2 protein chains.
Amino acid sequence: MKEPRWLDELEMAAWQGFLEAGNRVTRRLEQQLKDEAGLSHPQYEILVHLADAPGGEIRMTELAERLITSKSGLTYQVGQLERRGLVRRRACPTDVRGVFAVLTEEGRELLRTAAPGHVATVREALIDVLDREELAVLARALGEVGRRLRD
Amino acid sequence: MKEPRWLDELEMAAWQGFLEAGNRVTRRLEQQLKDEAGLSHPQYEILVHLADAPGGEIRMTELAERLITSKSGLTYQVGQLERRGLVRRRACPTDVRGVFAVLTEEGRELLRTAAPGHVATVREALIDVLDREELAVLARALGEVGRRLRD
DNA sequence: ACGTGGTTGTTCAAATTCAAACCAAGCTGT
DNA sequence: ACAGCTTGGTTTGAATTTGAACAACCACGT
């Protein structure tokens, strides 16, 4: 067993910062969304992605990939949102197996009311803590990290 | 309802990068640890923290805080590790209520064998993707983000 | 000593997550 | 047309997570 290259002090600090920041920001967000909009973060993300998509609809598999979640997990969450009338399912015309998740008017409306508080929290927890320079590095570096892990 | 300051392009890129990188890295790590060591990431983290602590033991509540998890979640995971003989519980001499989680020799041994693969994956997924400059910014910036959310 | 309030860790129920099995439908080559 | 492989989405069961409720205990002021 070859001795690996351990992390030096800087690398360790970056790694731990990455882990802790990820955990804490996620936690903070989850709590804020639950309190103010009654949504989990995954649910909020579903609504956001649908709202951004043309027609407010995306195929299930495609949506699962964008959300970086399992297909079964998405089935469950879309079910939850459907129960609350925020999303509905629509059969795909060209592929009998296919299913679109569609944002309803109620869903769009809830998103409108939830968004300001969400953005404020994102700013408070992450964005406004950093200066422009740091934001640029984060965007570039973490963008690259994400991109590489996509395949 | 006051119009919030929405995120501009750079801020949005940083935020999305942060989310996607966090998700993907976590996912990659989870998979690697499960495959090579039969541990979940939370479990691995427990072992690491114990190994770092003097005497290889930490009080449950203290450990939960370091891991940024709920107390009940920790109770469960320590139970799992205990079943496998990687950790044991020890009563606290000065406080009857208190419980130490203690790393066993088997736990230390498993950690030794698991660590190299883990570090390699962390490098591959995150550390080695960035240059020193970026690592420094990440460490400082995300360190600050985490610190602020500690309250 | 005594009450009061805060701590400690566990238990509990409910919600969520994932991977694997599954079914139905599409696609490809013969 | 048909066999064999891939895809799309759901179902299923097991594992995990969380917050709330709980029981036992500590510390402190009176």
Side-chain angles (χ1 to χ4, degrees), chain A residues 22-24 26-35 37-47 50 57-84 86-102, chain B residues 22-24 26-35 37-47 50 57-84 86-102:
Chain A
N23 268 327
R24 289 218 196 283
T26 298
R27 218 161 250 279
R28 179 87 188 71
L29 226 59
E30 195 76 42
Q31 177 224 323
Q32 181 269 328
L33 280 171
K34 195 66 86 184
D35 288 351
L39 290 170
S40 67
H41 189 227
Q43 290 173 342
Y44 183 84
E45 287 280 284
I46 291 175
L47 299 186
L50 289 178
E57 59 179 24
I58 309 181
R59 284 285 289 275
M60 292 296 277
T61 296
E62 165 69 10
L63 186 52
E65 278 162 11
R66 294 200 203 174
L67 296 172
I68 316 172
T69 187
S70 62
K71 286 186 300 175
S72 50
L74 181 61
T75 293
Y76 174 77
Q77 285 299 356
V78 166
Q80 295 299 305
L81 293 173
E82 199 171 26
R83 274 199 317 105
R84 294 175 52 183
L86 305 174
V87 162
R88 69 189 168 75
R89 287 173 210 253
R90 184 170 81 78
C92 174
T94 67
D95 185 339
V96 187
R97 300 166 303 172
V99 173
F100 281 100
V102 189
Chain B
N23 268 327
R24 289 228 194 298
T26 298
R27 218 162 249 281
R28 180 85 187 73
L29 226 58
E30 195 76 42
Q31 176 224 324
Q32 182 269 327
L33 281 171
K34 195 67 86 183
D35 288 351
L39 291 171
S40 67
H41 189 227
Q43 290 173 342
Y44 182 85
E45 287 280 285
I46 291 175
L47 299 186
L50 289 178
E57 59 179 24
I58 310 181
R59 286 284 292 274
M60 292 295 279
T61 296
E62 166 68 11
L63 186 52
E65 278 161 12
R66 293 201 204 173
L67 296 171
I68 316 175
T69 186
S70 63
K71 286 185 301 174
S72 51
L74 181 61
T75 293
Y76 174 78
Q77 284 299 357
V78 166
Q80 294 299 305
L81 293 172
E82 199 171 26
R83 273 199 317 106
R84 295 174 51 181
L86 305 174
V87 162
R88 70 188 166 77
R89 286 173 212 253
R90 184 171 80 77
C92 174
T94 67
D95 185 341
V96 186
R97 300 166 304 172
V99 173
F100 282 100
V102 189

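Just so it is clear, the model here is predicted, and its values are computed rather than measured. Protein chains get the first letters and strands the later ones, always in sequence-line order, with residue 1 at the start of each.
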Tell me the interatomic distance from [X], atom [atom1], to [N], atom [atom2], rounded to whole angstroms.
X: Glu30(B); N: dA15(D); atom1: CD; atom2: C1'; answer: 11 Å
X: Met60(A); N: dC23(C); atom1: CE; atom2: P; answer: 20 Å
X: His41(B); N: dC18(C); atom1: NE2; atom2: C1'; answer: 17 Å
X: Arg90(A); N: dG8(D); atom1: CZ; atom2: C1'; answer: 16 Å
X: Leu39(B); N: dA15(D); atom1: CG; atom2: P; answer: 16 Å
X: Phe100(B); N: dT8(C); atom1: CZ; atom2: P; answer: 12 Å
X: Leu67(A); N: dC18(C); atom1: CG; atom2: C1'; answer: 15 Å
X: Glu45(A); N: dT16(C); atom1: CD; atom2: P; answer: 16 Å

Of the listed nucleotides dG9(D), dC12(C), dG9(C), the one nearest the side chain of Lys71(A):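 It is dG9(D).
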Quickly, which of Leu63(A), Leu67(A), Val102(A) forms a side-chain contact (heavy atoms from CB on, under 4.5 Å) with Ile58(A)? Name it, please.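 Between Ile58(A) and the candidates, side-chain contact (heavy atoms from CB on, under 4.5 Å) is satisfied uniquely by Leu63(A).
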Non-hydrogen side-chain atoms of Leu39(A) and Leu86(A) separated by less than 4.5 Å: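 Side-chain contact under 4.5 Å: yes.
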Can a side chain N or O of [X] be found less than 4.0 Å away from OP1 or OP2 on [N]?
X: Gln80(B); N: dA15(D); answer: no
X: Arg89(A); N: dG9(D); answer: no
X: Gln77(B); N: dA15(D); answer: no
X: Arg59(A); N: dG9(D); answer: yes
X: Thr69(B); N: dT18(D); answer: yes
X: Thr61(A); N: dG9(D); answer: yes

Tell me every residue that passes side-chain contact (heavy atoms from CB on, under 4.5 Å) with Lys71(A), counting only those two or more places apart in sequence or in another chain.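 Partners of Lys71(A) under the side-chain contact (heavy atoms from CB on, under 4.5 Å) test: Thr61(A), Ala64(A).
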Over all atoms of both residues, closest heavy-atom pair of Gly79(A) and Arg89(A):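 Gly79(A) and Arg89(A) have their closest heavy atoms at N-NH2, 3.4 Å.
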Closest non-hydrogen atom pair, Phe100(B) against Ala91(B):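 Phe100(B) and Ala91(B) have their closest heavy atoms at CD1-O, 4.3 Å.
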Hey, could you give me the CD/OG1 distance between Glu45(A) and Thr69(A), rounded to the nearest 0.5 Å?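 Going from the CD atom of Glu45(A) to the OG1 atom of Thr69(A) covers 11.0 Å.
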Produce the list of close N/O pairs, under 3.5 Å, pairing protein atoms with atoms of nucleotides 25-29 of chain C; give distances to one decimal.
residue: dA25(C); atom: N3; partner: Arg97(A); partner atom: NH1; Å: 3.3

Categorize Gly73(B) for me: base, sugar-phosphate, or nothing, with a 4.0 angstrom heavy-atom threshold over every strand shown.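 Since a base atom lies under 4.0 Å of Gly73(B), the category is base.
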Taking donor-acceptor contacts at under 3.5 Å, does the side chain of Ser70(A) reach the base of dA19(C)?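 Under the 3.5 Å cut-off, the side chain and the base do not form any donor-acceptor pair.
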Is the backbone of Ile68(A) close enough, under 3.5 Å, to the side chain of Arg27(B) for a donor and an acceptor to pair up by distance?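 Checked: pair present.
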Strictly distance-based, threshold 3.5 Å: is any side-chain N or O of Gln77(A) a donor or acceptor partner for the main-chain N or O of Gln43(A)?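 Not a single qualifying donor-acceptor pair exists.
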When you match Tyr76(B) and Glu65(B) each to their closest nucleotide on DNA chain C, which lands nearer the 5' end?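 With Tyr76(B) and Glu65(B) compared, the 5'-side residue is Glu65(B).
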